[in-house]
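A, B, ... follow the sequence lines: proteins, then strands. Residue 1 opens every chain.
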Amino acid sequence: MSKAQDYQLDYLDQLESEAIHILREVAGQFERPALLFSGGKDSITLVHLALKAFRPGRFPFPLVHIDTGHNFPEALAFRDQLAASIGEKLIVRNVEDTIRTRQLTEPVGKFASRNALQTFTLLDTIEEFGFDACIGGARRDEEKARAKERIFSIRDEFGGWDPKRQRPELWNIYNGRIRKGENVRAFPISNWTELDIWNYIRREEISLPSIYFSHNREVIDFQGQWVAVSPFIRIDPTDRVETRLVRYRTVGDMTCTAAVESEASVIDDIIREIIATRTSERGETRIDDKVSEAAMEDRKKNGYF
Amino acid sequence: MDLLRFITAGSVDDGKSTLIGRLLYDSKNILTDQLEALEKQTRNKDNGEIDLALLTDGLRAEREQGITIDVAYKYFSTPKRKFIIADAPGHIQYTRNMVTGASNANLIIILVDARNGVVEQTRRHSIIASLLNIPHVVVAINKMDLVDYSQDRYNDIVIDYAEVARNLNLKDVTFLPISALKGDNIVDKSFSLPWYEGPTLLELLETVKVEQDIDLTRSRLAVQYVIRPQTEDLHDYRGYAGKIASGIYRKGDPITILPSGLTSRIKTIETGGKEVEEAFAPQSVIIQLEDDIDISRGDLLVTGDSHPIVEQEFDVLLCWMDSKKLKPGNKYFLQLGSRTVRGLVKTIDYKLDVNTLKKEPEPGEAGLNDIVKATIRTATPLPFDRYSELPANGGAILIDETSFVTVGACMLQ
């Protein structure tokens with residue numbers, strides 16, 4: 001008889017197994033699921049987990065990217081290359097098109113962000129393809145409202161989340177039954193932290209877009225955050241454009257993601273920096289969350305991912 | 001490094017969220033921007049102290065009312081261990097959310113207000129801990145600062161609770177005196193509690209043994225999904241994908257498929273795209289069998305002699321979680337792992353009085369948050385284990401047939 005300690009799973013293996021289980025539950029319970037893919041490290045990790053969950057078979061879902069038009073070109077190139085290399089279907093829908101067809105009003109201002117508008121494109125895409133479940137790479141450690149969301153999160157026909165009426169979710173039994181018009185957002189890496197993701201990326205040797213690593217970039221200083229110079233933000237005469245050695249801790253839109261100064265050019269350095277940092281991922285890099293204490297909760301209630 | 005999942009429970013205002021805030025704060029797991037946001041929010045409070053509860057109360061309604069409505073998950077680690085905390089609501093109306101958080105916990109911290117002692121919610125949460133078979137119970141007697149750190153008061157509560165623990169058959173119960181607000185005995189030893197010689201809360205969390213919590217003797221694997229590449233070179237590939245709930249699976253092992261009872265042998269086991277000789281709980285795997293048998297989602301693959309029960313009628317302890325009443329004769333979907341069957345609640349045998357633990361026979365119906373014993377009949381045979389013996393294959397949910405809401409949690413007997 002072998003000893004129990006020989007059969008102990010490291011925490012990363014436990015998290016990986018939990019995520020694979022969730023991915024397979026989505027595949028087993030839904031007719032037309034989709035994996036929402038942004039080109040960021042969390043959704044890249046999801047794709048890696050999906051390979052482990054479904055190979056040698058094919059993914060039972062396409063990758064779907066809601067392109068705001070404000071993405072980092074490096075992330076878009078990586079997206080296309082990844083989808084091609086694994087031979088899975090990639091669907092891209094553009095916020096630009098939704099703005100035109102639905103005559104949406106573009107936000108204005110220095111960092112006019114399409115973050116809120118992408119919800120329209122997402123909901124249209126869900127309707128267009130009849131997706132009944134969307135897999136996303138949200139993590140509960142990111143933000144206080146996310147910390148409250150179930151792994152299978154039921155959304156109403158407007159994509160809205162009602163935090164007061166969440167279904168009980170016991171053990172690892174996920175109830176994905178929905179009524180017509182409703183859909184489910186499923187979050188396989190809910191229980192991973194930022195550090196877990198990086199440790200996993202290191203262990204599994206997952207490749208990432210180059211902007212996650214230290215590089216020279218033209219930036220402006222906005223309230224202590226480094227924002228990349230791009231056609232999507234307004235440069236005022238008072239702004240000083242300078243070139244800094246930076247990397248991105250998260251990859252969102254160029255309008256709402258800030259860079260951090262860093263010389264970390266390999267994963268080990270990044271992990272060292274994250275362990276040493278005293279600022280949270282979103283706090284350091286997201287301009288859009290600071291608007292109000294309940295910014296994320298409000299967006300989720302309106303159908304945001 | 002291993003992982004401990006724990007839940008904090010207790011009555012409203014017993015200080016659960018403050019305790020978690022304190023644990024994160026004193027173990028240096030709060031980041032500066034989160035702390036700044038906290039300070040900003042607390043600035044207009046009367047006493048000027050940082051309100052650590054605001055760290056976990058993430059919903060607008062929770063901050064407005066100063067209560068926890070739904071479970072918030074928090075993550076922290078020390079050099080010894082990684083922790084996932086479920087911060088559960090104390091209000092009786094949100095018990096179902098507490099059950100959600102408790103179902104995956106290895107350990108429960110039950111907070112007791114030193115001034116009030118053991119109250120109804122203490123008992124209710126202890127019953128849930130017992131129902132769900134949470135392996136480790138820590139009773140943290142909080143707000144010791146408000147009873148002058150009195151050892152007598154502490155001992156009185158320990159005696160009271162020991163009675164509850166005995167009645168509920170709780171295993172591995174540990175007591176400790178704390179003040180979450182002042183930080184006594186959370187991470188650092190307290191000078192105000194010189195008479196207490198045991199470990200601090202964090203020391204306890206870091207050292208509690210979790211290896212035995214997973215059963216490695218009885219093999220249970222429910223098929224979630226069948227992988228069939230249908231390519232030229234993998235024409236005959238048929239992989240049964242699932243997460244091992246308990247036990248160990250080895251290449252060559254004889255397999256019984258339930259409920260059909262058909263048998264075969266394990267041809268290959270793959271995990272993470274690699275073939276392996278053996279795999280164990282809680283790994284996610286793909287298994288191929290020697291024979292071509294009809295197997296689909298929800299079927300259970302078992303090895304060895306200790307087979308689960310396969311029955312169409314069985315007793316359950318049931319926590320009812322819906323405002324619509326449960327009545328004998330009602331039909332639901334019953335989901336156990338990846339298997340869903342239709343089920344009829346035949347009888348409600350008794351209802352548990354949360355305060356006295358007395359069994360009220362044939363209550364006729366069950367309402368929100370009631371705990372009852374019921375008999376369920378399913379449309380097809382269900383392979384399961386007794387929850388008290390093997391929780392990984394003994395817990396099921398009931399789903400309303402029209403709203404599709406999860407309405408009940410069943411511990412099969």
Side-chain angles (χ1 to χ4, degrees), chain A residues 2 4-5 7-11 13-18 20-21 24-25 27-29 51-58 60 140-141 143-148 150 163-164 166-173 175 177-179 190-193 195-196 277-280 282-284 293-294 297-298, chain B residues 1-3 31-34 37 41 56-61 63 69-75 82 84 96-97 99-100 103-104 211-212 216 224-225 227-229 231 234 237 239 241-243 248 272-273 280 282-284 297 321 333 335-338 391 395-397 399 403-406 409:
Chain A
S2 314
Q5 68 219 36
Y7 296 102
Q8 284 290 303
L9 276 194
D10 177 65
Y11 79 97
D13 290 317
Q14 291 185 42
L15 291 173
E16 179 191 72
S17 180
E18 177 181 274
I20 290 172
H21 175 257
R24 289 172 174 166
E25 278 306 290
Q29 291 194 37
L51 289 167
K52 290 203 174 198
F54 301 110
R55 286 293 185 257
R58 295 181 61 79
R140 285 172 174 158
D141 79 320
E143 204 276 333
K144 288 202 285 191
R146 286 207 198 277
K148 294 265 167 181
R150 300 277 188 262
K164 285 192 179 178
Q166 298 202 89
R167 289 178 181 174
E169 192 169 74
L170 283 101
W171 303 292
N172 57 3
I173 303 178
N175 171 8
R177 279 175 195 268
I178 47 172
R179 289 178 293 170
S190 286
N191 285 325
W192 299 45
T193 64
L195 192 57
D196 298 335
T277 187
R278 299 305 303 157
T279 318
S280 77
R282 286 201 158 251
E284 188 169 51
E293 176 62 27
E297 181 180 346
D298 292 342
Chain B
M1 193 154 59
D2 67 0
L3 182 62
L31 302 171
T32 36
D33 60 315
Q34 294 167 332
Q41 286 170 59
T56 54
D57 288 337
L59 300 174
R60 193 195 296 272
R63 287 190 297 273
I69 293 174
D70 211 330
V71 196
Y73 294 92
K74 284 277 156 190
Y75 304 83
K82 238 184 104 64
I84 300 181
R96 59 183 179 186
N97 296 335
V99 173
T100 290
S103 66
N104 286 316
E211 309 86 81
Q212 319 299 336
L216 290 171
Q224 294 182 268
Y225 189 75
I227 291 173
R228 296 182 58 209
T231 53
L234 291 170
Y237 187 99
K243 186 176 173 191
I248 302 168
F280 56 93
Q283 285 184 305
S284 281
R297 176 175 162 82
M321 304 188 290
F333 293 115
Q335 188 178 349
L336 191 164
S338 55
I397 58 170
I399 300 168
S403 70
F404 299 146
V405 170
T406 305

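- Looking only at side-chain heavy atoms (C-beta outward), A/L195 and B/K82 stay at 4.5 Å or farther from each other.
- In this structure the side chain of A/R140 never reaches within 4.5 angstrom of the side chain of B/I84, judged on heavy atoms.
- Of the atoms belonging to A/R24, heavy atoms from both backbone and side chain fall under 4.5 Å from chain B.
- Side-chain N or O atoms of B/T406 include none that pairs as donor or acceptor with a backbone N or O of A/R167 at under 3.5 Å.
- Each of B/P391, B/A241, B/G273 has some count of heavy-atom pairs under 4.5 Å with chain A, and the biggest count is that of B/A241.
- When B/Y237, B/F404, B/F333 are compared by the number of non-hydrogen pairs under 4.5 Å with chain A, B/F404 comes out ahead.
- Only the side chain of A/R150 comes within contact range of chain B, with heavy atoms under 4.5 Å apart.
- Only the backbone of A/I178 comes within contact range of chain B, judged by heavy atoms closer than 4.5 Å.
- Side chain of B/Q224 to backbone of A/H21: a donor-acceptor contact under 3.5 angstrom is found.
- Residue contact with chain B, scored on non-hydrogen atoms closer than 4.5 Å, involves the backbone and the side chain of A/E18 alike.
- Take B/D2 and apply the side-chain hydrogen bond (donor to acceptor under 3.5 Å, both in side chains) test, not counting sequence neighbours, and it matches B/R81.
- Both the backbone and the side chain of A/D10 come within contact range of chain B, with heavy atoms under 4.5 Å apart.
- Between A/Q29 and B/Q335 there is a side-chain heavy-atom pair separated by less than 4.5 Å.
- If you tally non-hydrogen atom pairs under 4.5 Å between each of B/N97, B/T231, B/I399 and chain A, the highest count goes to B/I399.
- In this structure, the salt bridge (charged side-chain N to carboxylate O under 4.0 Å, His left out) partners of A/E25, at least two apart in sequence or on a different chain, are B/R297.
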